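Written out below as structure tokens is the structure these notes cover.
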Amino acid sequence: MKTVRSRAAIVVSSLLLAVVTPAGEATAASRPSPAPKTTTTVKATKSTAAKNTAVKVQGEVAATLKSRLDATLAGKTINYYPSDAGWSAMWTKYNGDKIDADMAKAAKLGADSVRLIVFPQAFGYPTPKAEYTEKLRKFVSIADSYGLTVKLTLFDWWAGYTDVTRSAAWARAVLTPYATDPRVIAVEVKNEFNPNDAAAVAWAKKIIPAIRAAVPQMPLTLSVDAQGGAPAMAKIKSSLRGTPLDYYDFHFYGNSERSLAEIRKAQAAVAPSPIVIGETGLSTASASEGEQAAFLARVLAAAKIAKVGSVAPWTLSDFSDGAIPSNSQVSKLPAQYKYGLYRADGTAKASASVVRTAWTGGAITNSVLDLGFEAVSTSSPWRPYLAEAGAAVRVRDVAHTGSGSARFSDTGRSRSGLPSVRTAPVTPVLPGQKWHAEAWAKGRDVTGSNEMALSWFDVNDKWLGQVSSKSVAPGDSNWTKLTIDATAPAGATSVQLHLKSGDNSGTVWFDDVSFS
């Protein structure tokens, strides 16, 4: 299967084209935020109890490097822009009431921290404008009132690598008020850093020590985009040996079926330094909401096995038309508007339930995969394969249990194989694992090949082979269970389950699939 082009890879190509400050920024009116909810200790939420560190106690104990780093590595972090004001527009069109409502929503998901991106162009450079530092102060206060700490990302939409002195001064001005403030737990110096840019590396070698001098108790990191991946992380670590980071930030938008292998490659690239997954997600502009939910379920499950404690979905909400500044190339990319756990109208997608389950201690199971074909197609992660030779249709008039099944009729074949619908388990695949799969099938006037199959792939998406069930009996048949017992071959990092029908002039129905 081809990997969908990543959000991060798209964005990084546009960053240098998007450094112009939005029109009207200097005079944009900001709505005052509501008075912060006062308290001397953090709200008694599940997220704060899990931390049990000094970081979450207001005004009583100063944050330390260790307490902040511990909180960062375990953080249930959500990436955030308001649905109606993305990227720099969040600051130029600051709306405290909207932010308050969104932070309440994030806390109900189980989040305990929020990633916030601060743009030099919007804030005023090289001297931040008082209006904008006050907006940041208000945001931190609002987030804190819901038990959320803040991770700050600096220098997005930035290419001023020759201006070390002024960029260091800007960073100090933004960060110094939070030097020991427990509400701010980490700083990402540059979003999606390119270690192949010599000017960027030279800048990083100077700006990191300058920031450390200003806020020595603040964990520092750099992130890489999805295309750079583990090799870029290794290059950052090698280039910055004299000015090491406290942890590394991996942005993952690859194939979720192989996410465990990719996460482990990222870990190995910077070991023994820890990593977080600072961005991950799938846009529903082209994928179904069910696919998005399954993507996040797989990544969260893989991260748990790899012992990566912080996975941050991109992003809380979809963006409405016009929400992304029009002078940015990002605004011209339809995928950018549909990564949210919530739609722009505030209603939840299936992915919100997946994230809430993970963040509140529940178990994410294969139930997210719609294995009984009960969901509508837009809410299902099943995907067609070789549909031009015969596409599956969801029906409600025939079912093994429940009300729905998948039906193939009058199918052919292509040079690549038989048409099918496919999905992949939430549980990551390891070589040597034993797998059992079941599906129920029924036929009418059946011809050709109609079966279930498990197909194995390596980390580079190379097909390693498949194991098939018996075929559905020719002619007419009642519901019959198809089974597969197989062992993942050497090098396998993912498996797909296919329900196939080829050269079939009749009709076959599939229902009630299971993995174990």
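What you see is a predicted model; the values in this text were computed from it and never measured.
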Which residues pass the salt bridge (charged side-chain N to carboxylate O under 4.0 Å, His left out) test with Lys237, sequence neighbours left out?
none
Could you tell me whether Asp249 and Arg115 have a side-chain N and a carboxylate O separated by less than 4.0 Å?
no
My understanding is that only residues two or more places apart in sequence, or in another chain, count here; which of them pass ring-ring contact (aromatic ring centres under 6.0 Å, His included) with Phe408?
none
Run the salt-bridge test on Arg68 and Asp246 with the 4.0 Å N-O cut-off and return the result as yes or no.
no
Rounded distance [0.5 Å steps], CG in Leu499 versus CG in Leu418:
12.0 Å
Counting distance only, does the side-chain N/O of Thr284 pair as donor-acceptor with the main-chain N or O of Lys338 below 3.5 Å?
yes
Going by heavy atoms in the side chains, are Trp382 and Ser377 under 4.5 Å from each other?
no
Under the ring-ring contact (aromatic ring centres under 6.0 Å, His included) rule, collect the residues that match up with Phe119, sequence neighbours excluded.
Trp157
For the backbone of Ile142 and the side chain of Asp100, can you confirm whether one donor and one acceptor N or O come within less than 3.5 Å of each other?
no
Of the options Trp87, Trp314, Tyr342, which is the one that meets Phe319 in a ring-ring contact (aromatic ring centres under 6.0 Å, His included)?
Trp87
Do the rings of Tyr80 and Phe139 sit parallel, tilted or perpendicular, given the 30° and 60° boundaries?
tilted
Over 60° means perpendicular and under 30° means parallel, so classify the ring planes of Phe252 and Phe295, tilted if in between.
parallel
Pick out which of Asp102, Leu341, Leu148 makes a side-chain contact (heavy atoms from CB on, under 4.5 Å) with Ile78.
Leu341
Taking only Lys NZ, Arg NE, NH1 and NH2, and the carboxylate oxygens of Asp or Glu, determine whether Asp461 and Arg258 approach each other closer than 4.0 Å.
yes
